Each structure stands twice: as C-alpha cells, then as structure tokens.
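One structure is given here, and the rest of the page talks about it.
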Amino acid sequence: MPDAWRIQGARGSLLTFALVLSGGVFAAESTPDWQLWTRSTSQSYAEPVSVYSAFHDLEGEFTRGDEAFTHNQIEVGASRGQFSLAVIARYDFNIKAHADTIELVHADQNNLPVDLDREYQLNAAFNQITSMGVRLDYQYQPSENFDLNVAVSLLQANRHYFGNIEGSIANTADNIYKGEATIDYSYSSDPLLNRRVTEPNGYGYAVDMSARWRPSQHVRVVLTAHDWAHRIYWDNAPFTRADITSATVTFDENGYIETVPLLSGIEGEHDLRQRLPARTDLDIRLLLRPGLELELGAFNVDSITLPRLGFRWNTDAGNEWFLNFSTESEAFTLGLVRNRLSFHLGLDSLDYQEAHFFAFGFKYIHPL
Amino acid sequence: MKPQHLIPALLLVFSFPFVSVAQTVSLADADRIFNFAEVSDPNLFGPPVQTQQANVGESDWFFREYTNSGAILAININGYGPFYSGDVYGAGAAFGNQVQFLETMPNVLALIDSQSPVVTLEDANALLDFAESAEPGLFSPPAQTQLVNESGNSWYVRSYASSGISIKINLNGTSPFMAGGVYVVGGSYGEQEVFIDSLENLLTLVGGASSTDTRSAITKAKDFVSDLRDLTASAQIAAFEDELGAFGNSVTLAFEEQINFVSGIVTNDVGEVMSAIALAFDAFGAALEALELNPGLTSFDAEYNFGLLVITVMIAENENGPILTVDQNIDGVAVALSANGNLSYEETVEGLAGESETSIALNISGSAVNDEFSMVIQEGSEISATISESYSESESGLEASDNATLSDVVADLSVSLTALQADNNPTFDGQFGFNITDLVVDHSTTIEQSETQSVQTFTEILSVDALEFQLAGAFSDDTENSVGASLTFAVDNPEGQNILFELTESSTVTFNPYTFFSFSETSSNETADSFLAVNVFLQIDVSLPGIDNTSLLTFDANRTGLEDGAATITLEFDEKFLEFDANTASNAVTVSNQDDAVAQVSEHPLTGLLEGTITVDGLEVGTIEELSNGILIVRYADDTFESFAL
C-alpha cells in the first residue's frame with residue numbers, strides 16, 4: 001500500500017490520527033535482542049517566577065504570568081523487539097492562575113507591599129499527581145518511512161492535589177482585606193486547613209503516543225503526545241469546599257448583630273477522576289547538508305506553547321549534538337546522542353535560581 | 001395480596017362514604033393523591049413513578065403502576081359510568097383483578113390536608129445538612145435555608161451552584177404539592193419539581209447515618225459558636241465603627257471601652273490619695289487618744305516622718321462626741337476630712353512592757369484630691385475598729401517586740417471616685433467598704449553585740465483571718481455613659497489553719513575593719529493543701545452593640561493553689577448566657593452556654609497551638625483547632641466547618 005494511502009486512511013479516526021502523529025522519541029529502539037535501559041526526564045517552566053522560586057515559597061523576582069508546570073519521570077526497563085516494559089515513577093504538577101493571584105501570593109510570601117484599593121483576581125487551578133507504575137511500549141512500523149509508538153502506563157498514585165480557587169480580594173487599608181472567594185480542592189494531605197485524613201489510593205492509566213515520519217530524504221517529522229489519555233481514579237479522596245468572605249458582620253433592621261464566619265465550608269471524601277493535560281511536541285528536521293539538520297519545533301501544554309529553532313550535527317565519531325533556542329522561554333537546550341547514551345539540558349539562565357525554564361534528559365541503554 | 005397491607009392512614013382514606021360527583025380532575029390533584037399514597041405505603045405503592053394518562057373503558061384516567069406489588073392506583077378523569085369522574089380506584093395486588101372503587105378524590109384531598117405534617121425549620125435543616133454532607137458533589141457549597149413563597153406554596157429551599165439543583169421542602173401543600181414533601185428542581189432534574197419522598201420518611205432514613213440527637217446537638221453547637229462570634233464581633237465593634245457606617249456611629253459605648261472604663265477607675269493610681277486619707281485617719285486616732293488624756297484639747301499635731309509632716313487635727317464637740325477635722329495638704333493631696341465619734345482607750349504598763357486596747361467608731365465625711373484622683377466620702381459613712389496592742393523590751397534594750405491585732409475593722413463608706421486624668425473623667429459613685437477580721441502583725445527585734453561585730457535581726461509576722469473589700473455602684477463619665485458594677489476582693493484563711501507570712505531582715509556590722517552585710521527573706525507556711533483563699537468578683541452591666549442592652553458580665557476568680565488560679569467570666573444576654581472558665585492548673589479554657597454546649601480548649605504542649613472539642617449534653621459534635629496562621633477552625637460531626645475568626 002502506498003505510504004500516502006496509509007496516511008490518508010489514517011485520518012479516519014482520532015486514534016489512528018494520533019498514532020500517525022506520534023513519534024518514538026522516548027521509545028526504546030526496536031531491536032531483536034534484549035536491552036536494559038534507564039531514562040529520566042524533567043521539564044519545568046514557570047512564567048511568573050523562576051523554577052527554583054516555585055519550589056522555594058515563591059521567593060525572588062516576580063514577572064506577570066499565569067501558568068507553570070513541572071513534569072518529571074524516572075524509568076527503568078527492558079526492551080526486546082517491538083516491545084518495551086518499564087517501571088516508572090512520575091511527579092507532575094500543573095498550575096494555571098490569574099496573574100493577580102500569583103502576584104498576591106508572591107507579595108505575601110516575600111513580605112512585599114500590596115497595592116491599596118486594587119482588586120486582585122483570585123483564580124487558580126492546580127493539578128498535582130505523584131504516581132508509580134509499569135509502562136508497556138509497542139512500536140509499530142507500517143512502512144520504512146514512519147513508525148508509530150504507543151505506550152500504556154498502568155499507574156498507582158499515592159499523592160495528589162487538585163482543585164481551584166475563585167474570587168477576588170482587595171487591600172483597603174494596611175492589612176485589612178475585603179473580598180470573597182471559594183476554594184474547592186481534593187488532596188492526599190490538606191495543605192491549607194490541616195485536616196487530618198487517610199491518604200487515598202488512586203489507580204489509573206496514561207497513554208503516550210509518538211510517530212516518526214520521513215516524507216523525504218531531507219525531512220523528518222516527529223510528533224509526541226504525552227498523556228494523550230490520562231486518568232487517575234481516586235477512591236474516597238478527601239476534599240474541602242470552602243467559602244471565604246470578609247463581609248462577616250452586618251446588622252439587621254432591628255440593630256441586632258449578624259455574623260458569618262470568615263471561612264466556612266464542608267469537608268468529606270468523594271470518588272475523584274483526575275486528569276493531567278496532554279503535552280504535545282512537534283519536531284521537524286530539515287537536512288541542510290550531510291551531518292547538519294535544521295530543527296523547528298514546538299512544545300504545548302494547556303495554553304502554553306514553546307516554539308524552538310535549532311540545529312543538529314552528526315560528527316564523524318558517531319555523536320549527534322543538538323542545540324535549540326526557544327523563542328518563548330528564551331531557553332537554550334544542548335544535547336548529545338551517542339550510541340547508547342543520550343543527554344540534554346535546557347535553561348534560560350545560567351543562574352539556576354533565575355531560570356524560568358529547566359529541561360533535563362538522560363538515557364542509557366545496556367545491551368544484553 | 002390483601003388490603004391489610006395498606007397502612008391505616010390509607011385505609012382511612014378509602015373508607016369514606018361513597019359519594020361520586022362528576023368533577024374536574026387536574027393532574028396536580030392526582031399527583032398529590034398518588035404522592036400521598038406512595039409516602040403512606042411504599043411497599044404497596046412503590047417505588048415512586050410518574051403519573052401516566054390513558055383512555056380505558058371509554059373514559060380517560062390518570063394512573064400510576066407500581067412494580068413492587070403490581071398495584072395500580074387510578075383516578076378517573078371524565079367517566080360517566082361505570083367509572084365516574086373524580087373517583088379513585090385500585091387494581092391488582094391487594095385490590096384483586098377487578099378495578100375497585102376506593103374513595104372520591106375530594107375526600108382523599110381533604111384527608112391529605114387534614115394530615116399535613118408540620119414542617120419545622122429544624123427538621124428541614126437536618127435533612128438539608130445531611131444532603132450536603134452526603135452528596136457534596138451535588139449539594140455544595142453549603143447554603144442557607146430560605147423561606148420562599150410561590151403561587152400559594154411556601155417552601156424551605158436551598159440552592160446549590162455546584163449542580164444547579166435546588167432542594168425544596170413544601171410547608172403547606174397547596175396543589176399539586178404535598179405538605180412535608182421533599183422535591184428537587186433544576187440542574188439535571190429540569191424545571192419541574194420532582195417529588196422525592198416525605199420529609200418524615202427521609203429523616204427516618206437519615207437517622208441511620210446521623211441520629212436526631214446528633215443533628216440537634218450539632219445545631220446547638222453551631223448556634224453556640226455563632227453566639228460566641230456575635231459577642232466577639234460586638235466586643236470589637238469600636239475597632240471597625242467606621243466600616244459600619246451609621247450604626248457604628250450610634251454605638252455609644254463599646255464593650256471593650258466599658259471594661260476599660262471600669263478597670264480604669266478601679267486600677268487608677270489611687271495610692272497617694274488613699275495614703276493621705278489613711279494618715280488623716282491615723283491622726284484622728286492619735287488626737288482621740290490625746291483627748292482621752294487631755295479633755296478640753298482643741299487641736300492636736302500628729303507628727304510623721306520624723307516631724308517632716310505634721311497633720312493638725314482640729315477638735316470640737318457635739319452631742320455625739322468630739323468632732324475632728326483635718327483640712328490641709330498631705331503629701332500633695334488636698335485633704336478635707338471630718339470625723340465625729342468616740343474612742344475608748346485602755347492601757348496597762350508594767351515596766352518596759354505594756355498592753356492597750358482601742359475601740360473606735362467614727363462617722364466620717366470629706367474629700368481627698370490630687371491632680372490625678374478625687375475621692376469624696378459622703379455624709380453617713382462609718383468606720384469602726386478594735387485594735388489591741390502589746391509591747392515589751394528587755395532592760396538591755398537588745399530585745400524588743402510588739403504585737404498589733406486589728407480584730408474587727410468595718411468600713412462602710414459612700415464614696416465618689418473620679419479619675420481626673422482619664423478621658424471624660426470617669427467616676428464611681430457608690431458604696432466602698434471593707435471588713436478585716438483578726439489582722440495580726442508581730443514585730444520583734446534582737447541585737448547581738450560583741451567587741452568585733454553587731455548583729456541586728458528584725459522579724460515581722462503577718463496573718464489575717466479574713467479580709468474583704470467591696471465596691472458597688474455606678475460608673476459614669478462626662479459623656480453620660482453609665483455602667484453599673486460591683487467589685488469584691490476577699491481573702492480567707494483556710495479553716496483550722498493560720499497562714500503566716502514572715503519577713504526577716506538581718507544586718508551585720510563588723511568594727512575592725514568596718515564591714516556591713518545585710519539580707520532579707522520572706523517565707524510563709526502555705527502548702528499545696530493549705531493556703532490563703534483569694535477571690536475577686538466583678539460584676540458589670542454592659543451594653544453590647546447589636547446584642548442586648550441589659551447584658552451582665554460577671555468575673556469570678558479564685559486562687560486554687562499556691563501558683564494556680566481559676567477564673568469564670570459569665571455573660572448573660574438575650575435570655576442566654578456564655579460562661580468562660582479558665583484554670584491555670586489545667587492550662588485549659590472552657591466555654592459553655594444554656595444548651596449545655598461546652599467548648600474546651602487548651603494549648604498543645606509542643607506546638608503551643610490551641611486545640612479542643614465541642615460537646616453538647618456530653619456528646620462530642622465538633623473539634624477545635626488553631627492553624628499555624630492563627631485561624632481557629634471548628635469542625636462539626638456533619639463534616640461542615642467554620643472559622644471562629646471574623
């Protein structure tokens with residue numbers, strides 16, 4: 001069957017379409033022999049503060065921004081032929097917030113003054129999961145010009161933090177705040193109200209897709225979709241829904257006082273379905289001359305898109321070096337692929353405490 | 001299946017006399033009857049289903065068919081025989097294979113109306129609270145119950161943003177709704193109310209998970225916390241008057257101000273004025289003693305501070321005895337006091353030892369004023385005392401001792417106290433009195449001398465059987481604020497014990513070379529089981545903004561150990577009370593109210609954060625926990641929570 005037909009036919013369903021688009025960037029190389037391998041990847045980006053600050057109480061400089069994420073994964077596995085099986089550990093955290101919200105929290109954490117009489121929007125959604133499990137990769141090559149990789153992870157999650165806050169608040173005088181907000185969150189341990197709970201168990205899955213396509217000798221297209229499908233099901237996950245108001249004291253028509261609490265709500269347990277957003281990465285490589293490729297790419301998660309431009313060199317010694325620059329995050333990523341070892345590091349600042357973007361990858365393959 | 005499966009209420013419905021009159025049959029009335037049947041006998045008429053309409057036997061029918069029993073309950077809409085419009089029929093199950101006439105629709109509706117349950121807000125809240133805790137996904141955030149009137153129906157309603165659903169409990173059962181019926185509307189239920197069950201049945205079901213007692217206790221606990229919060233807000237009202245606008249400005253005297261107002265007067269530095277009055281009284285005593293020895297004396301100079309202060313007492317006579325007057329400045333205090341009364345004085349002397357007994361009874365009046373404080377003693381004030389003294393001295397002069405016993409001191413003074421430096425000159429007008437029983441002071445001095453040194457030892461031993469100080473009257477100021485208050489301070493010896501406080505001072509002088517060394521120490525024979533009892537009792541009429549104008553605050557503190565004390569503050573208001581008990585021994589504070597709701601709070605030994613419980617009638621229905629940011633969270637047994645803070 002002609003390749004073009006295969007692609008044309010694949011457009012019939014979303015699943016097949018995703019399979020076509022997926023690329024085996026992280027998949028083990030297809031080999032008839034057994035291989036042991038280990039891999040760790042970490043990718044973090046924070047618009048409003050540095051990655052270091054995000055993990056250290058938001059200390060440091062603040063830039064207006066509304067999203068941040070970190071995705072970290074360690075795997076140890078074995079491959080043979082088209083299959084690969086690995087033990088996997090993950091930590092993922094996405095937060096999407098109104099810039100006012102992060103600015104307010106940043107000011108509070110750093111004892112900075114808050115603008116008087118300015119209404120700060122409180123709007124944030126947070127999504128955190130720590131999980132472990134097994135991952136099975138299957139690599140399928142319908143033609144010599146492209147191959148597909150589907151990976152299914154069965155996950156057991158032990159910690160999560162998931163929810164949102166909505167409202168607004170204003171500082172009408174020094175340390176006198178007025179506003180209202182509602183917060184609704186599920187958790188393994190309560191970070192806000194110190195509720196003592198039994199940590200719930202979560203089970204679920206993640207499906208990654210990747211495809212590599214070589215439409216000509218000079219062009220390669222790699223597309224990956226991490227967490228293309230992702231679900232964690234929590235049994236009896238603790239939750240809290242709370243209302244916060246500064247309008248706590250009123251008087252009725254007879255002059256009698258009526259008070260409401262600053263904070264009130266309900267706590268309980270419920271069954272929860274949690275999902276991480278899909279992360280997609282498109283990578284197009286154009287062969288400029290033997291041994292040198294131009295790389296155009298873009299990474300996307302939620303409303304964050306980080307385009308990049310770079311080059312790849314293949315040296316006579318069999319090493320492949322790559323360097324790219326992300327125009328959005330202003331980060332450089334330098335990497336090396338050498339035989340059984342690959343490594344990359346990306347930063348937008350040489351001062352690690354100032355970096356808003358951090359990417360790290362390492363993989364080692366040990367043939368048996 | 002036989003008809004005896006019907007519950008008695010339904011049998012009553014169906015046993016009314018046969019009267020069949022063609023009438024208009026509405027779906028709403030039919031639904032009321034069907035709903036009532038389903039609630040009354042859910043085994044026969046269950047599970048609840050929707051009303052259907054069909055044409056059978058040349059007439060139209062409303063009917064419901066029940067899968068549990070196979071019964072059909074039907075109401076004829078427009079029949080003229082053999083089935084008649086407005087009649088209720090049953091078929092299947094207990095009714096057999098034939099369609100049986102049961103009752104006319106008006107009679108059934110009348111019975112439903114007569115059996116309409118009384119829906120209380122407490123029951124409605126119990127069900128709605130349970131719904132919120134059991135299905136927070138549907139019923140959140142927690143809402144307040146609203147009373148809503150719609151087209152002749154009154155409802156208790158709570159609406160939930162999470163699902164768009166409202167839970168409605170009908171109060172009066174105007175057609176087509178059933179009084180006491182619980183309905184849901186909105187969200188996935190659509191715009192038409194959907195009947196769920198009767199409130200009574202649902203409360204019975206809910207009872208398995210949360211008993212009526214528990215629900216009631218939780219409600220009381222929440223009311224208790226609400227009262228506490230109201231009072232806290234009221235007490236802090238002055239701090240945010242500006243935010244409250246007109247009402248805040250109309251607050252004439254905040255609770256906190258009132259407390260400061262009273263304590264400001266009581267604790268103001270009255271020392272100089274009281275010392276001057278005491279010196280004047282002492283001069284009166286000395287003048288009376290001199291008058292005993294020298295009848296006809298018209299003035300007497302009492303010397304103090306080695307002659308640096310001389311108080312001149314003018315002496316006159318009336319039918320009640322001598323009139324003594326002091327009118328001079330005493331240590332910066334302008335004193336104008338007069339006393340009229342008698343003194344009896346007896347003394348026996350043997351060598352260097354002697355004994356005396358003095359009884360004094362005086363009517364006194366006048367004033368003592370300095371820059372900070374004014375005390376006016378009104379006419380009719382009395383003071384009386386019996387003082388026994390003894391002394392002895394060795395011939396060498398190296399040993400001496402004396403003893404003074406105030407066996408019965410009673411003062412009953414009508415006074416006016418004004419703190420002149422405080423804002424608006426707060427003043428106390430009322431009774432000021434004290435009683436002292438057996439206040440004993442023993443002094444002894446010994447001197448040991450040798451060629452090289454001299455050692456002098458002074459000992460003072462003090463004991464008192466009972467002492468009480470009272471202040472009762474009204475506190476007011478220049479802005480017409482007025483607060484009634486009384487204060488009592490009492491000290492009592494433990495029964496059968498005599499608590500002694502001893503002061504020992506010793507000084508040693510060596511002559512060659514010259515050195516000087518002195519020390520002093522105090523001690524008492526108090527033990528953990530035997531110590532002076534001390535009580536402070538303060539009662540104030542307080543005005544609490546937004547609460548009630550006749551609130552009464554009582555503060556009652558007692559010494560409960562050598563280093564421990566317990567205090568109780570009771571606030572009575574609006575036919576309720578809150579009692580705060582603090583005990584230093586247990587490091588805990590307990591707050592209780594008229595519903596036997598009790599909050600017990602103590603500090604965590606490691607974190608120092610507050611923690612505790614709330615019980616009602618001994619049933620624990622909540623916990624209290626202070627977060628690291630200082631917010632106090634109250635968590636209830638129904639899974640709701642609230643902060644205590646405003």
Side-chain angles (χ1 to χ4, degrees), chain A residues 105 108-109 163-167 170 172-178 180-186 190-197 234 236-273, chain B residues 129 132-144 161-162 222 225-237 239-240 242-248 250-251 544-549 574 609 623 625-629 631-636 638-646:
Chain A
V105 176
D108 180 64
Q109 295 282 39
N164 61 77
I165 182 170
E166 290 184 12
T172 57
D174 285 346
N175 295 321
I176 296 178
Y177 286 87
K178 280 189 171 181
E180 292 190 353
T182 59
I183 185 166
D184 182 349
Y185 61 108
S186 298
D190 187 354
L192 295 181
L193 302 179
N194 198 32
R195 177 184 173 212
R196 281 171 282 279
V197 296
W234 298 92
N236 296 319
F239 73 88
T240 296
R241 295 192 182 99
D243 293 315
I244 306 164
T245 179
S246 63
T248 55
V249 181
T250 57
F251 291 87
D252 66 14
E253 64 273 14
N254 298 315
Y256 285 99
I257 199 165
E258 292 179 342
T259 63
V260 296
L262 171 76
L263 178 68
S264 63
I266 188 166
E267 297 172 323
E269 288 78 35
H270 62 177
D271 294 340
L272 172 70
R273 189 178 67 178
Chain B
D129 288 346
E132 290 174 358
S133 61
E135 289 291 347
L138 290 175
F139 308 126
S140 66
Q144 295 292 314
S162 62
K222 289 182 176 179
V225 171
S226 178
D227 283 344
L228 272 171
R229 188 166 43 235
D230 287 351
L231 287 169
T232 304
S234 180
Q236 294 173 346
I237 211 83
F240 42 80
D242 290 344
E243 292 180 51
L244 298 174
F247 187 90
S250 72
V251 175
L544 291 167
I547 301 291
D548 193 276
N549 289 326
D574 197 19
L609 298 174
T623 61
E625 180 181 4
E626 183 185 10
L627 305 181
S628 56
N629 58 14
I631 292 179
L632 209 57
I633 293 287
V634 183
R635 289 187 165 92
Y636 299 101
D638 63 357
D639 288 338
T640 60
F641 70 90
E642 60 183 316
S643 64
F644 178 74
L646 292 165

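Computed from a prediction, not measured in an experiment: that's the story for all the values here.
A donor-acceptor pair under 3.5 Å is formed between the side chain of A:Arg241 and the backbone N or O of B:Pro136.
Atoms CG and OG, on A:Asp184 and B:Ser140 in that order, are 6.5 Å from each other to the nearest 0.5 Å. Here the CG-CG distance, from A:Leu192 to B:Leu627, works out to 9.5 Å after rounding to the nearest 0.5 Å. Atom-to-atom distance recorded for B:Ile631:CD1 and A:Asn194:CG is 12.0 Å, nearest 0.5 angstrom.
Scanning for side-chain hydrogen bond (donor to acceptor under 3.5 Å, both in side chains) contacts around A:Glu267 gives B:Arg635, with sequence neighbours left out.
When heavy atoms are compared at a cutoff of 4.5 Å, A:Ser246 does not approach chain B at all. For a residue to count as touching a neighbouring chain, one of its non-hydrogen atoms must lie under 4.5 Å from one of that chain's; by this rule A:Asp243 touches chain B with the side chain only. For a residue to count as touching a neighbouring chain, one of its non-hydrogen atoms must lie under 4.5 Å from one of that chain's; by this rule A:Glu269 does not touch chain B.
Between A:Thr259 and the options B:Thr232, B:Asp227, B:Leu231, B:Asp230, a side-chain contact (heavy atoms from CB on, under 4.5 Å) holds for only B:Asp230.
Between B:Thr640 and A:Ser264, the closest side-chain pair of non-hydrogen atoms is not below 4.5 Å.
Minimum heavy-atom separation, B:Ala233 to A:Ile257: CB-CD1, 3.6 Å. Taking each heavy atom of A:Ile266 and B:Phe641 in turn, the nearest pair found is N-CE2, 3.3 Å.
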